[in-house]
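Comments concern the structure below.
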2 protein chains.
Amino acid sequence: MSHGNTQVASSPRVREKRERRRAEILHAALRAFREKGYHATTLDDIAEHLGLRKTALYHYFPDKEAILYECHCESLAELDRLMRDARKRFDSDAERLAYVIREHVRVMTETLEGSPLAFEVTALSVERQAEIIAARDRYERGVRRIIENGMKNGEFRQVNSKIAVFAILGSINWIARWYRPGGSIHASELGSEFADHLVGGLTCDRRGE
Amino acid sequence: MSHGNTQVASSPRVREKRERRRAEILHAALRAFREKGYHATTLDDIAEHLGLRKTALYHYFPDKEAILYECHCESLAELDRLMRDARKRFDSDAERLAYVIREHVRVMTETLEGSPLAFEVTALSVERQAEIIAARDRYERGVRRIIENGMKNGEFRQVNSKIAVFAILGSINWIARWYRPGGSIHASELGSEFADHLVGGLTCDRRGE
DNA sequence: CAGGAGTTTGAACGGTAATTCAAAATTTGA
DNA sequence: TCAAATTTTGAATTACCGTTCAAACTCCTG
């Protein structure tokens, strides 16, 4: 009736408040994980940002790993949504890919201020690791499908699509390592430049080839 | 006269052996850091790979941080050498950039099996951190200079060169996260594909713009 | 093969950080 | 305002891991 993530019957008001706190904790954790990495982040670090003691966190999450897990889940849900949008909204694969890149960058910089998609999956338990990796692979396959489709219909030149996906997602994931909100580089510019650069490297329009 | 990294007078044969052991340790550490990250790697992990107990490591390095530091130093020395070569050997900036990318990928995959340039600089002491970051910045400026030069002489289109550098180095650094020697992707192919993709995204040859 | 330099080890120490828990503080709803 | 539910806390527990050190071992050299 009190601990961990077990959800019990309670008034809507209380539930709501609890949800808000959970979100706050997740947010603080996200920021800390991005800045110092999972292992170097202590529960005190996270709690301090909220004016709490670390033991209070146990009221909302069963353990540290669970916090990381939920960070991953949230990020992956964003990416999933974004990929579905890309399929719906565009016909051209180049446009589709550019949209995915721009939006993924936006998720990294704004929504989640640095997605821990980027971070230590290995810190999770084997089962959770498998789940997260499966979701990440699904997203990667989505990007790959766009590239392969674009190669078929002549929008893109012939490349190793697996490697192209790694190049694109590597650029984006690495953002978590250097991006700081309020720095000299603006999020939207970052997204467009990345899209131009990374889609441009695939488009099929030059001299011979 | 026995501990840490203090070098004392001793026979050449002994020194040589000691050097070899140091290199072995560095190699094992590099692999472990790449796979699990610095904080999640214990000295036992590193020692085990060599059939040693963790305490033996203290004969070669004063502490864990020193091992990480030397990993960084080795990587950065490679990159420095590579950048000088690029300047000497080529006239075209596109070729220069392609060379840097290919060679950096090679360093990541072969020479050092995953450069910890990619890893937790924050784990180092402030002084060492400053030193490593300075060296890393020097390398980044080298890449940026190639791009800016290429923009001036018309080889590349107009981009935000800072962002372009982040895209390129992000792709490459991220390799450490997924590359496993002996996997389905070969190192040399990886280098060429990355070079094509990332240089291609900058070249100035399409329709309007 | 003897002696010493060089290397490795096991045991022990100390600090840090995750986790547990019962009690205190706060908030909720009537 | 009061009692019950919920949240937060401080103290205590535990486990892990980097580090120290003296003793044991190995290897080189004369």
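- Between D:dT8 and A:Tyr60, a contact under 4.0 Å exists linking OP1 or OP2 to a side-chain N or O.
- Within residues 39-50 of chain A, no residue approaches DNA chain D, by heavy-atom distance under 4.0 Å.
- Comparing B:Leu52 and A:Tyr38, the nucleotide of DNA chain C nearest to each residue sits closer to the 5' end for B:Leu52.
- Between A:Lys54 atom NZ and D:dA12 atom P there is a gap of 14 Å when expressed in whole angstrom units.
- Dashed line: the shortest gap from a side-chain N or O of B:Arg21 to OP1 or OP2 of C:dT8 is under 4.0 Å.
- Regarding A:Phe61, its CZ atom lies at a distance of 16 Å from the C1' atom of D:dT8, rounded to whole Å.
- Comment: B:Lys152 does not engage B:Glu148 in a salt bridge, judged by the lack of any side-chain N to carboxylate O separation of less than 4.0 angstrom.
- When each of A:Glu131, A:Arg128, A:Glu74 is tested with A:Tyr69 by the rule side chain to side chain donor-acceptor pair (under 3.5 Å), just one qualifies, namely A:Glu131.
- Per the geometry, CG belonging to A:Asp63 stands 19 Å off P belonging to D:dT14, to the nearest Å.
- Between A:Asp80 and A:Arg84, at least one side-chain N (NZ, or NE/NH1/NH2) sits under 4.0 Å from a carboxylate O, which counts as a salt bridge.
- In summary, B:Arg81 and B:Asp85 engage in a salt bridge, as defined by a charged side-chain N under 4.0 Å from a carboxylate O.
- Separating the CZ atom of B:Arg22 from the P atom of C:dT7 is a distance of 12 Å, rounded to the nearest angstrom.
- Atom NZ of A:Lys64 is separated from atom P of C:dT20 by 15 Å (rounded to the nearest Å).
- In this structure, B:Glu24 places its CD atom 13 Å from C1' of C:dT7, rounding to the nearest Å.
- For C:dG6, neither phosphate oxygen OP1 nor OP2 lies less than 4.0 angstrom from any side-chain nitrogen or oxygen of B:Arg18.
- Tested against A:Asp45 for a side chain to side chain donor-acceptor pair (under 3.5 Å), the candidates A:Arg31, A:Lys54, A:Lys36 yield a single pass: A:Lys36.
- A side-chain N or O of B:Tyr139 and one of B:His104 form a donor-acceptor pair less than 3.5 Å apart.
- Atom pair B:Tyr58:OH and D:dT20:P shows a separation of 6 Å (rounding to whole Å applied).
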Go through it in stages, so that I can follow the logic: the residues are B:Glu70 and B:Arg22, the test is salt bridge (Lys or Arg N to Asp or Glu O under 4.0 Å), and I'd like the CA-CA distance, side-chain angles, deciding distance and then a yes or no. CA-CA 10 Å; B:Glu70 296 221 15; B:Arg22 275 178 65 93; 2.6 Å; yes
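- The side chain of A:Lys17 places no N or O atom within less than 4.0 Å of a non-bridging phosphate oxygen (OP1 or OP2) of D:dT7.
- Atom CD1 of A:Ile67 and atom P of C:dA17 are 15 Å apart (whole Å).
- The phosphate of D:dT7 has OP1 or OP2 within less than 4.0 Å of a side-chain N or O from A:His59.
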